[in-house]
Each structure stands twice: as C-alpha cells, then as structure tokens.
Amino acid sequence: MSEYGASETSSIFTSTGTFTSSSTVPGLGALSGKAIKRFGSAVVNGVDAILIRRRLAQIEDHFAQKTDGTVQSDALKSLYSDLLELSRPVYSLSIRTRAFRVIMGKVGGMDFENLAQAMIDWPLSESYDLLKAMITCLRTDLSKSNLDSVNNAHETGRAARLNAFFAAGHDAYTSRLPPGFFRNIPQSSFVIPFLLYIAFSVASSSTSSFSRLAIEVDLLSFITDLYPDILSSTIDRRMYSFPAQLVLHALSEKLDPAVDSLSLARLHSIFDKRFHLSIDTLSSIRSTISRHNSQSMFYQKPNILLLGPGETGKTTLLKQILKAFSDSPEQFYTDRERAQYIIPIFHNTVSALERLDTTTDVWNALETTLKNLRNVIYDDDLDTHAINSISQSRALAISSRLISSYSESPLEHVDYFLDALPRILAKDYLPSNQDIVQCNIRTTGIHSNSINLRGSAVSVVDFGGQFSERRKWINWFPKAGMIIYVASLSDYDETCAEDSSTNRMYDSMKLFDFVMHSEWFTDVPIVLLLNKTDVFAQKLRKTPLKQYFHDYTGGDNYDAGSTYIINSFLSNARPDTRVYLTSAVDEERIMETMNDIYDKYLEPALPYLTLGPSSEPNIPIQVQVQVSVSTSQH
Ligand SMILES: Nc1nc2c(ncn2[C@@H]2O[C@H](COP(=O)(O)OP(=O)(O)OP(=O)(O)O)[C@@H](O)[C@H]2O)c(=O)[nH]1
Ligand SMILES: [Mg+2]
C-alpha cells in the first residue's frame, strides 16, 4: 500500500465512485479518451469541492515528496489524469493554479515522462489550452505587461488573477530547474526543460496529432523568438539551441508531408541541417534528460581533461582530435609547422638508434648516421648542415629496418622512425601527418585547446603525465567536465622513466584509482582509454604478460590479455566507467573511438554546455500575460 494511503492509487474522477454524476461540475469523469464537453465554467460546492481539494492536496503532497520513478504505474496514471483534469479551465482559478503549479514543477524539474504520456492521451482540445498556458507562462520576451492595455476595472482584476496564475506556474517551474540552470546562463537556457518536454511528447506520440497541436499553439514562433539567430549563430552560441533543434527534429519526423506540407516548410526553414542525432530521437531525448542532474555535465565546464601517465598517448590523441575536427584536416599543418617537427623527429630517431642492439654487425656502420643526426640536432642552422652526408647513409637505413624487426621488444615510435629512416634522411624531408602523430615530445605544463566538436565549443586540455607534471593537474580538477584517462596497454613490461623500480602499468592503475575516486570527480564522467593496442598485440607474443601479472593465464592471446588488463583497471572503478581499446596512431580507429565518446557522452550534454558566467548577462525573467486561457472565475 502506498505510504499516502489507499486513496492515493485511485482517481476520484474515475474509480472510487465517490465523485458521482450528481456532481455540479461539468466535464468530470471525462478523462482518458472519453468525450469532453467544454462547459466554460463550473461551480463546485459541497462535498465535491471538499473531495476535489482533498485530492489536489494529495497530488501536491505526493509530487512534493516523490519522483515518478518510485510510484506504481496505475497509481501514477490516475494521479496524472486527475492533475490534468484539475488544470482545465472549468475549475476555479485557485484550483487550476495549484494544478498548474504541480505541472510546471514537473516540467521544470525534468521529471515529466509520465506527464507527457498523460498529456498525449488527453483530448487535444484540452492539451491545446494547457500547452498555450505553458508557453505564455514561459514567454519572457513579450512587451512589458498587457495589464497596461486593459482599461476597465473588471478586466484588470481578471488579468491580474491570470497574471498570478502564470506567475505561480513560472515560480514552480524555476524552483525545480536543475541546479545552476537559471543563474549565469543565457536566458534562453531557462526554457530547455520545457523544450525537452515538448520534444519528448512529440517523439513519443504515435500519431501526428500532437505535433500539429504544437504547431497550432505557435511553438515555432516561440522558438524563433527565443533563438532569433538559430541558424546564423556562431559555434559558441549554437549549442544553446540544441533542445530547440531537438524539438524541430522530432516534429519533422512526426508531421505528415502529405497533410502538413506548410508547417513542414516553415519548420525546415529554421531547422539546422547540420543537426545530428546518433541514436533515435526518443533515446536521444531520454539520455539528455537523464544527464540533467549530473552537475558535471558541462555546466560552465566544457573541458575534457586528458589525464594519464607519461607516454601513454594523450598528446597523440589530442593531435588526432585537433586535426580531425578542424575545418580542413588535410591542410591542418602548414609547412612551417611541419618543419618544426624535424628536430624532434631526429631526436626520436637518434634515441631509436641508441636503443638498438650494439652487438649487431651493422651497428658500426650506423654510427655515422647517428653522428650526423646528432650534429644536425645540436646545431641550430639546419640549412647549412650536413644533411647531404646524412643522406649518403640512406643505404644503411635499410639495414636498420632489419635490426628493428629483430629488436627484443618493439619500441613504438622508435620502430616507426627507423622504418622511415630513408625518407627522414632525404634532403627535402618535411614531416608527414603520420610522422607528426608518431613524434614523441614529452609534454610539460598544461595545454588547453579549443575545438569545434560538431558545432560545439569544447576545450580539450592536455597534461604532462610524468611524475613531476602530475602535481600541476589539480588546478584543473574543479573545471573538469569529463575525464579521458589514457593508459597504455603495452606498459606492462616497462618501468617508469622517473623511477626504474616502478612498473608502468602498476603506476598507471594506481593513478587511475586516484582519479576515479577523487572527490572532484564524483559526478564527472570518466572514460578509460586503453591505448596502443597495436604495440600490445605485437609485444604479447614476445613478452609474456604472466611474467608481470602472475595470476594471468591467457597466454599470448590478444583478447585474453586485453580483457585481463581491462578487468584489472576496473576492479575498483565506478560502475559507470566506460572503456575503449584503441590505437591513437591509427587515425581511423581513434576517430571511431572519439565519435563514440561524442555520441554517448558529449551529445547528451550539449544543452548544459555553456561558456561561463560572462557569456551573456542574466536578465531577470518577467512573467507577462499575453494569451489567456478561456475561463471564468469565482
Ligand atoms: N604504436 C603506437 N604508438 C603510439 C600510440 N599512441 C601513442 N603512441 C606514441 O607514443 C609516444 C608517446 O605519445 P604521447 O602522445 O606523446 O604521450 P603522452 O601521454 O602525451 O606523454 P606525456 O606528454 O609525457 O605525458 C608517441 O611517439 C606516440 O606516437 C599507439 O596507439 N600506438
Ligand atoms: Mg603529452
């Protein structure tokens, strides 16, 4: 039994029978598909009035204390039926105001799935009145107050009462908005819950009737008034119209081209063609709603933090993202920028040569190459240097390839640059995109990069992963909107550059554990990116994982090995942690991963993404009355 008593589960208008045909209230009992006749006004008195007020009090109590998730579906249905019933213009304004307050609170608090369902099932004429009232209540951009234009005393009194009705709805709506929604964000963000409510109702209705209704109440003008620059806005601004685009998208899916061609034409004139949903509309709306309480969801924090130990691929990932999301990925690097990578690549090549097995026959011959490369590196004047003599040793480079394939364990970029030696040693060498991706430069300091992520301005922040760098991370913890923790699968047989007694993977797991359970990130989504799958696959065949993780039993099987490492990382992780296996040097693979992260985590967050307090002044909302619902009061 409900903690609110048996009456809670049944409607006074339907099942209890206490509210009978002797009622003086026209229209009662006409819920859920029964024909509703509009009588315009009602006189409620005696027992009926008491029952109605009692029921309303129950509904108010109920919704003040509970969210829908905790209530049984039958009970909910009757609660919503009665709630909607009591919002009808046939009741006194005081009753309607109380019902409207509950309804608007549900919408503002984004706990509206059941309300939307009840409204879809409601007769259209009733939904029309309620929708119109909602829009009026939320409109903030109308001319001052229409009270000024009302000239006789009676009308003024009526308008004032209506004003109070809308103000009550507005109040209830704003008081339930998710934390931070109202303050310091553009005014139009205030309507996000309402727009999501409409999008949800449209998307979940089975026919086009509800969509037509939304057009009829002039939702499109409401949207264009709120977002005058809906199509022309800059990237920074465009994200604010995401929920509006969601509504337009849902409407265009539901309207019937044969019947609603005019509405569709108007709709398409404001619909952003670049708007993209990765999942179906309803799931997309649901996942957007489900994120609303997560304070992390980019409210003033559009920052993706790339954390993880040194040399795990954070900067490589960033390079790939910056290039892929730029306006022209192919021309991303200028020749000057490419040239800046020559010296670091020579450095990488030298260290690659230095790590080769000195007992091999060709080592002596390679030394000339090494010496010349060093000369170039340590002399600032690249042009006058002995690039010529370096290129003479090109033949030797071929043999270096042999050596690298014999080397005991693969050395990643090291292998790459040894293989690329003939090209690197050419006189007119200019690093290719892939050379730049493979180039290993240790990050020091913090590097925040603004990118346009499918139309949204987001910062991706890259940190150095070495011990000495980690202490700098903390400054950014309060600003984290999302964490991508990058670990390297191939770390299992290596020790830390800063401490040769610590295994890199153990260090990585410990650091992950720290990040995962840091109080800064309680609400911050964390994605674990297990990188360097390519190196891992190669390495596993040569260096047994069991040697470093004694309880591992999967041999050199890639799936067994990677699953074991995933499980080890996740053994103490939050259940919502998402894991990806990827290779940051493989452009296609890493972009697949990033797109998936975008679809699952970023897209649902977009409505909450904002650039910060100073982006637009917070103009106080004024409640004004423009459209009145038909009613008469007592
Ligand atoms: N083969 C291979 N190499 C990778 C992969 N990811 C990164 N690398 C290489 O590993 C090296 C280190 O990568 P970075 O991105 O610089 O590492 P980081 O995490 O930024 O390191 P710090 O800046 O020191 O914290 C570079 O040479 C990359 O090209 C991968 O998936 N496969
Ligand atoms: Mg780096």
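Residues: numbered from 1 along the sequence shown. Both ligands and their constituent atoms are indexed starting at 1 by order of listing.
Which parts of ligand 1 touch N440 is read off a 4.0 Å heavy-atom cut-off, strictly below it: atoms 11 (C), 12 (C), 16 (O), 26 (C), 27 (O). Short contacts between ligand 1 and S583, defined as distances under 4.0 Å to a heavy atom of the residue, involve ligand atoms 30 (C), 31 (O), 32 (N).
Seen from the Mg ion (ligand 2), atom OG1 of T315 and atom OG1 of T443 lie 90° apart in angle, a value rounded to 10°.
Any N or O atom pair closer than 3.5 Å counts here, and T316 shares at least one such pair with ligand 1. Every N/O-N/O distance between G310 and ligand 1 stays at or above 3.5 Å. Of the polar atoms of G464, none of the N or O atoms is found under 3.5 Å from an N or O of ligand 1, judged by distance alone. Checked by distance only, ligand 1 and G313 come closer than 3.5 Å through their nitrogen or oxygen atoms.
Nearest-residue assignment for atom 25 (O) of ligand 1 (options G465, P309, A487; heavy-atom criterion): G465. When L529, N531, T533, D534 are checked for heavy-atom proximity to atom 32 (N) of ligand 1, D534 turns out nearest.
Considering every non-hydrogen atom in both Y506 and Y548, the closest pair reads OH-O, 2.9 Å. In plain terms, the two heavy atoms of M509 and S568 that are nearest each other are CE-CB, 3.3 Å.
Taking the charged nitrogens against the carboxylate oxygens, E330 and K323 have no contact shorter than 4.0 Å, which rules out a salt bridge.
Within the 4.0 Å heavy-atom cutoff, S490 does not count among the residues contacting ligand 1. Under a 4.0 Å heavy-atom criterion, V486 is not in contact with ligand 1. Residue contact check for ligand 1: G308 places no non-hydrogen atom closer than 4.0 Å to it.
For the salt bridge (charged side-chain N to carboxylate O under 4.0 Å, His left out) test, residues two or more places apart in sequence or in another chain that qualify with K472 are E469. Partners of D435 by salt bridge (charged side-chain N to carboxylate O under 4.0 Å, His left out), not counting sequence neighbours, listed by chain and number: R423.
Under 4.0 Å from ligand 1, heavy atoms of T312 appear from its side chain as well as its backbone.
A donor-acceptor contact under 3.5 angstrom links the side chains of Y580 and D596, judged on distance only.
Separation of atoms CD1 (I483) and CZ (F512) is listed at 10.5 Å; rounding is to 0.5 Å.
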